[in-house]
Amino acid sequence: APEPSGSAVVAPRPLSERSKGKRIIALIHGSRGDCQPFVALLAGLQRAGFVVKVITNVNHVEFMGTFGLDAAGPYYDLEQNMRQRPDMKKCMVDGDVKYFVQLMADVTRELYPSSVKHEIEAFEAFKPDLIVVSSICAAQGHMYSCLKNIPAIQLDLVGGVPSGYGVTFAGEPAWFPRWARRLIWRFIGHAQLKAITPKMDILSERLPALRPFVIRTIEQVCLFEEFRPEPILCGSSPMLIKRRPDWPPTRQFSLTGHWIVPPGEQERRMRQGDRHFGGGDERLADFIAAGAAPVYIGWGSMISVSSEHMACLAVRAAKLASVRAVILGGWAELCEDHLRGQRDSEELLAYAASNVLFVKTAAHEWLFPRCAAIVHHGGVGTMAAALRSGRPTIVTPCGFDQPFNATLVQESGAGLGLPRLAQLTPEALAAAIRRTSTDKAMCACARELGRKLQAEDGVARAVEDIDAFMGGEVATGLWAERRARFLVKFRELDKPGLFLRIGLFCLKICTNSLRPLVSL
């Protein structure tokens, strides 16, 4: 398996003259695992010569500052919000995605008004030339783009493009017909629209000039999917996500490769005591050196059933498979105490005492190549580090995009996608762990895929794409022309007639495209 390598940073190629000094404002909201890839990309953009300002969670400001990024934190802390709202935690525990979307809309109505003022002030003071947004902030990006007449590029981590080919986020069976998969994507689009509507309503109330640009219909969502005037940059690899036959040819979707804080940089930060990368805990290196390579088990920001259930599942599986294990605490705060009060607590505690290490955080790019296998929930950042490590990976999804990611891992041949975590038994997880050590074809595939992924430089490719867009389409006026045509269609689809709606629905389900009824 490839060992951790690489210097702290890679020197980017020089920007074109038209891009040098351009000012980029980034709207980034998410968990720590969500935000770290964006930090890697934004730091790369800054090193290349762009001027970067970040609007993010209040709890990520310090983390981003350690990378030299100018960050402000008007957005709420997702983890703290979940802990303070029993209904949100229960929703995550139960895996109720539909109710979770509703709760997120309620949280937005409650907390986003206090963030809007800071957003508007940041735009006025910074005067950006370009907006880049994480997917959760895409609605604001669109509206500020219209307000300031500047482009907004969406930064995606998942690569879940609507298609009749391949599994959706719902994790449906492989035999589902293509039309049914497109219909599922349609429902996902409706859920996304429901989730973003409160933000747009609040923003348009504060800035009435934005009311014509509020996304109100699923047809407008589909228009963005097919004809948006800016590219979408996806921090995933073409080794994992293949272009589907029914992707619209007009869709600008660039698979750059993963956006990674380099292994050398992660190790340096860990050794300097950076708590964001497992620093300050000397036990991990000692534990790894003390015996056979352990299995990593971690579920990041997920909580399924209960913390006790998750901790016991991990240790029982490790015990059944007779392996050592490093278990990440994550949002569930997994620790030895969660092994108590069980019918087999004495056995679990005895096994954990000599074979298991619980840690609060870890530098994935440093740790994973030193493990025998990686068990995780299928979060995009963890999945990228796991596959890059060259070790077999086991995905135990909880919900959201994770069943989709589990399928990507299964199809890659470098690991296994298991049932959802809430239904997973210790016996099934132990069997999967044992298979990763005995399936020679899987191990060989994992090593080869890891080698190829480590050869990619997703940050450099993304910087080049943004440079080409700003220095080419924006500087020449091509983007402005395309955007003007897009907004004409956008307004037409604000209140589409019944027959147009039926026609567009049939086209999307049958062909995954709005054409020929809509074209720019």
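Just so we're clear, the structure is a prediction, and the values are computed from it rather than from any experiment.
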Counting distance only, does the side-chain N/O of Asp494 pair as donor-acceptor with the main-chain N or O of Arg216 below 3.5 Å? no
Any donor and acceptor pair, going by atom type alone, linking the side chain of Ser19 with main-chain N or O of Leu15 inside 3.5 Å? no
Candidate pair Leu233 and Asp156, rule side-chain contact (heavy atoms from CB on, under 4.5 Å), full reasoning: CA-CA 6 Å; Leu233 302 187; Asp156 181 36; over 6 Å; no
Could you tell me whether a side-chain N or O of Arg391 sits under 3.5 Å from a main-chain N or O of Cys371, the two making a donor and an acceptor? yes
Taking the basic N atoms (NZ, or NE/NH1/NH2) and the acidic carboxylate oxygens, is any pair closer than 4.0 Å for Arg482 and Glu473? yes
Phe63 six-ring centre to Arg32 NZ/CZ under 6.0 Å and within 45° of normal: yes
Is it the case that the ring center of Tyr75 lies less than 6.0 angstrom away from the ring center of His60? no
Quick one: does Arg420's side chain have a donor or acceptor within less than 3.5 Å of a partner on Cys398's backbone? yes
Check Arg461 with Asp457, please: is the shortest side-chain N to carboxylate O separation under 4.0 Å? no
Relative to each other, are the rings of Phe224 and His142 parallel, tilted or perpendicular (30° and 60° limits)? perpendicular
With no hydrogens and no angle check, is any side-chain donor or acceptor of Thr56 less than 3.5 Å from a backbone partner on His29? no
Are Phe169 and Phe404 close enough that their ring centres sit under 6.0 Å apart? yes
Would you check, one step at a time, whether the test side-chain contact (heavy atoms from CB on, under 4.5 Å) holds for Phe50 with Asp129? CA-CA 10 Å; Phe50 289 103; Asp129 302 294; over 6 Å; no
Evaluate the side-chain proximity of Phe368 to Thr382: yes if any heavy-atom separation is below 4.5 Å, no if none is. yes
Could you tell me whether a side-chain N or O of Ser519 sits under 3.5 Å from a main-chain N or O of Arg515, the two making a donor and an acceptor? no
So, His364 side chain and Gly381 main chain: donor-acceptor pair closer than 3.5 Å or not? no
Backbone N/O of Asp77 and side chain of Asn57: donor-acceptor pair under 3.5 Å: no
Check: Glu172 side chain, Thr168 main-chain N or O, donor-acceptor pair, under 3.5 Å: yes
Residues Glu219, Arg186: salt bridge by 4.0 Å N-O rule: yes
Between the side chains of Thr393 and His376, does any donor sit under 3.5 Å from an acceptor? yes
Could you pull out every donor-acceptor pair under 3.5 Å between side chains of residues 190-202 and any protein atom, sequence neighbours left out?
{"from": "Thr197", "atom 1": "OG1", "to": "Leu193", "atom 2": "O", "distance (Å)": "2.6"}
{"from": "Lys199", "atom 1": "NZ", "to": "Ile136", "atom 2": "O", "distance (Å)": "3.0"}
{"from": "Lys199", "atom 1": "NZ", "to": "Gln140", "atom 2": "OE1", "distance (Å)": "3.1"}

With sequence neighbours left out, write down each residue that passes side-chain hydrogen bond (donor to acceptor under 3.5 Å, both in side chains) with Asp439, or none if nothing qualifies. Arg435
